[in-house]
Enquirer: 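Dropping the structure in here first, questions after.
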Amino acid sequence: MIFNHIIGQSRVGFNRDLKKILENCFDFNEYFEKNKNYLNELKKKILYNNWILKINNNIDYINVGDFSFYDHILDNIFNINCIPKRFKLENKENFFKNYFTLAKGDSNNQPMEMKKWFNTNYHYLVPEYTLDLKFSLNLNILKNDICFAKLFKKKIKLIIIGPLTFLKLGKIKDNKLKNRLLLLPKLLLSYFGLINEIHNNIDLIQIDEPILILNLSEIWLKCFKNIYTILCSYYSNIMIATYFEEINSENLKYLEGIKFFSIHLDLINYKKINNFIKNNNIKCSYISLGIIDGKNIWKNNIEKSFYIINNIKRRFMISTSCSLIHVPVDLNLEKFNDKKKKNIKNWISFGNQKLEEIKNLKEVYELNLLNNNKLKKYISKNFIKNIFFIMNKKKSNLIFIEKIQNKIKKININNFKYRISYNLRRDIQKKYFKLNSFITTTIGSFPQTSKIRKIRIDCKNQIISKNNYEDMIKKEIYFIIKKQLDYNIDILVHGEPERGDMVEYFAESIEGFLVTNNGWVQSYGSRYVKPPIIYGDIYIKNYLTLNWIKYSQNLTKKPIKGMLTGPITMIKWSFKRIDQPNYITCIQMALVLKKEIKKLEKIGIKIIQIDEPAIREFLPIKIDKYKYYFNWAIKAFILIFSKIKNNTQIHTHVCYSEFNNIINFINDLNVDIISIETSRSNMSITTVLNNYNNDIGLGIYDIHTKRKMEINYAIYLIKIIINNIDIKKIWINPDCGLKTRKWSEIDKSLKNMVFCSKSFKNLKISN
């Protein structure tokens, strides 16, 4: 007998049900009590629908612990009372108020720092560690969910983040704590207490330890071995879950001899599965095979998957490679009218459909066993349909375009030439723009008001004409330009009122991309995105941004930045192709942007920002693959602007990532200015950026919170900057785009940001 399960399920609801009620709870006003009651009821509804869906697809376990109102790491912080003391929460019984305070900050405290969850676009809140931190249990929510789950009379699987992963992904926040492993004994008491309190009501305990895919030191690996040897000697239902990559080969021996019930492997990214299967020292009862892709949306090839699992001579479970929070909820929400899109829809599988794929794969395998391994005797309707759609995709003329493929073949080393050295370019550009240090700018977008969103929706639904739409957007741009002039910002942007998502906007105009209507995926908290789907070769017939930028530049004598989303981010923040290497797709995207930049330069736009927030996120998890990745990623980036003039200034923007170990590669991008998120991390990266050669835009205003940028705090951050970075290199800007904020929130912040920047600039001149 084989079992099936899923690593985790989407928590956004059927059609973003969670978002609106969740955002109403961020304001602690007179409606807060009412809204939080709605939130609890909605949680029950989402759990009910998720569990019924599993039951209807014959999934053996229903999950408890994979739902979160905001973030699963934040949930664990509350489960074990690992709340930073700096928040000084007065009423510990008011869970929601405390919970959202950590995520959003309060009048006295910055929110908890955010980082990318391994190589995904999901952001988690970073635990904060001090030597005097005490852990204790607070399991009311988990216990309530378990009681609710028991009503369904099915096997229950608890999902928790593992203690070592939780500890590894956190950040030390005081000088007394020299090593976070010093907290491990106290942390383990909480974890053992958690499992002991609820294990009698649970059939399987999934403990996520994805750090096993990383290069870990021996002391961390010994801790892992000791912890789980003890844990599995007391509890026989422990499953360790890893995902996104294969378990590091050096780490495998530390799993040997531990009597896990199961070890979960991400088969989509596992290249040497036989080494694991044939290791007789791995004593788990079952291997959990993550053969259904939890990060991408292409249909599973059931025939291929069958032959993979049929050759595995150990007991196994069938599962998704990782949690389904990384894919949209339900393909049935998509209504495509034209024939091309309907055809592409047949190649796709969203979260709910992936449960059906698990069910179908298990049925094929079990019925094949009943027929003595003669697969031809079992031909089901679902199996035939799957084979047909897989073959249809392979033969489709929508995918490979001969003209585009031939264009790629003609690219050679001459297409990747650097411009003259940056020191020479800097002198040319600063004379041209008549600017020096402490230059102020913003990252691109300004508040996306309900009025702006309505204008776009009305145009899409043909309620207003295209001409009316353009007139309305121009009025918004005029307002945004005027605001920036009032703030006295040096380098302006047009504010992007015509754009929704930074990737989706471009994808709508580029061949090879399919934009969905309801393919929402959680990025962080209540922030959801709709990643486009790259189904074929990328090319474009028209220009992307020219009209809006040209109009904007005519409104002012100050420079306007042209705003583009870079090739790496366009690929990473889409559901990418699996039928050709990433670098080919990225080069295709770079050629589209190259055409755009040349035209922008021709019409007089001399500052162009190519946003690449995903450059760190696309990085392979294994360090030995870094050079290969950066080799093609940097070439694709340089290809865009390799032949532009030296007085055309190229910016790029990156955010919420660790750059300490890749700063030399970032140097090789050779952009004129790179802007980086730094405010939530208290400028910790500035010590590394001193080694960066070119100009740097430091994000001092945290735009992911409603907190306003105060003058004292801006001065504090700028002082840290100038103590670590050459004044000549410094630009000042917000962390990221401002589209999620309101005008009432940003007015004071931007004025204070500019005032402090000008003050330091004047101080420098006077000295």
Side-chain angles (χ1 to χ4, degrees), residues 5-8 116-122 124 162 165 168-169 206 208-216 239-252 255 262-279 282 284 287-302 304-305 307-309 311-312 316-327 349 351 354 357-358 361 521 531 534 568 571-586 614 616-630 632-633:
H5 69 110
I6 61 170
I7 293 301
K116 298 289 180 73
W117 181 245
F118 292 86
N119 60 350
T120 75
N121 188 31
Y122 178 82
Y124 71 95
T165 294
K168 186 75 172 174
L169 297 183
Q206 174 186 312
D208 288 3
E209 289 284 14
I211 62 162
L212 283 174
I213 65 175
L214 305 178
N215 293 319
L216 297 175
M239 178 176 80
I240 286 293
T242 64
Y243 33 76
F244 303 142
E245 254 281 10
E246 59 187 352
I247 297 174
N248 194 305
S249 58
E250 294 297 315
N251 301 350
L252 270 181
L255 275 70
S262 179
I263 299 175
H264 176 78
L265 308 176
D266 179 345
L267 254 61
I268 305 301
N269 295 292
Y270 223 105
K271 307 303 179 188
K272 300 175 183 177
I273 184 66
N274 285 332
N275 291 351
F276 187 95
I277 293 167
K278 292 177 181 179
N279 188 335
I282 302 289
C284 58
I287 300 174
S288 171
L289 303 175
I291 201 163
I292 306 298
D293 195 341
K295 276 180 71 178
N296 213 330
I297 47 72
W298 302 111
K299 268 192 194 309
N300 178 263
N301 186 332
I302 294 180
K304 181 181 177 182
S305 295
Y307 285 112
I308 291 173
I309 65 176
N311 288 321
I312 292 177
F316 62 84
M317 309 167 82
I318 297 174
S319 184
T320 54
S321 62
C322 60
S323 171
L324 296 177
I325 66 171
H326 305 292
V327 293
S349 172
K354 291 181 184 293
E357 290 179 335
I358 292 175
L361 181 57
V521 174
I534 306 174
I568 297 161
I571 307 308
K572 179 61 179 174
W573 287 5
S574 301
F575 292 114
K576 59 185 187 288
R577 292 173 65 173
I578 55 175
D579 56 358
Q580 74 176 9
N582 290 327
Y583 71 85
I584 297 292
T585 309
C586 205
R616 178 65 172 80
E617 178 186 320
F618 215 147
L619 190 69
I621 290 172
K622 305 294 188 193
I623 292 176
D624 60 357
K625 298 177 183 177
Y626 280 17
K627 285 186 179 179
Y628 172 77
Y629 162 69
F630 276 114
W632 66 257

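In what follows, every heavy atom counts, from backbone to side chain, and hydrogens, waters and symmetry copies are set aside.
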Enquirer: Using the ring-ring contact (aromatic ring centres under 6.0 Å, His included) criterion, which residues pair with Tyr270? Sequence neighbours excluded.
Expert: none
Enquirer: Do other residues, nucleotides or ligands put more than 12 heavy atoms under 6.0 Å from Tyr583 OH?
Expert: no
Enquirer: With His5, which residues qualify under ring-ring contact (aromatic ring centres under 6.0 Å, His included), at least two apart?
Expert: none
Enquirer: Going by the rule salt bridge (charged side-chain N to carboxylate O under 4.0 Å, His left out), which residues pair with Lys622 if we only count those two or more places apart in sequence or in a different chain?
Expert: none
Enquirer: Please verify the inter-ring angle class for Phe618 with Tyr629; under 30° counts as parallel, over 60° as perpendicular, anything in between as tilted.
Expert: tilted
Enquirer: For Glu246, which residues count as a salt bridge (charged side-chain N to carboxylate O under 4.0 Å, His left out) partner, sequence neighbours excluded?
Expert: none
Enquirer: Within the distance-only criterion (no hydrogens, no angle test), does the side chain of Lys354 pair as donor or acceptor with the backbone N or O of Asn300 below 3.5 angstrom?
Expert: no
Enquirer: Is it the case that Asp208 and Tyr243 place a side-chain donor and acceptor less than 3.5 Å from each other?
Expert: yes
Enquirer: Is there a donor-acceptor pair closer than 3.5 Å between any side-chain N or O of Gln206 and the backbone N or O of Ala241?
Expert: no
Enquirer: Return the set of residues passing ring-ring contact (aromatic ring centres under 6.0 Å, His included) with Tyr124 (not counting sequence neighbours), or none when no residue passes.
Expert: Trp117
Enquirer: Not counting sequence neighbours, which residues clear side-chain contact (heavy atoms from CB on, under 4.5 Å) with Ile268? List them please.
Expert: Asp266, Asp293, Ser321
Enquirer: Using side-chain heavy atoms (C-beta onward) and a distance below 4.5 Å, is Asn248 in contact with Leu212?
Expert: no
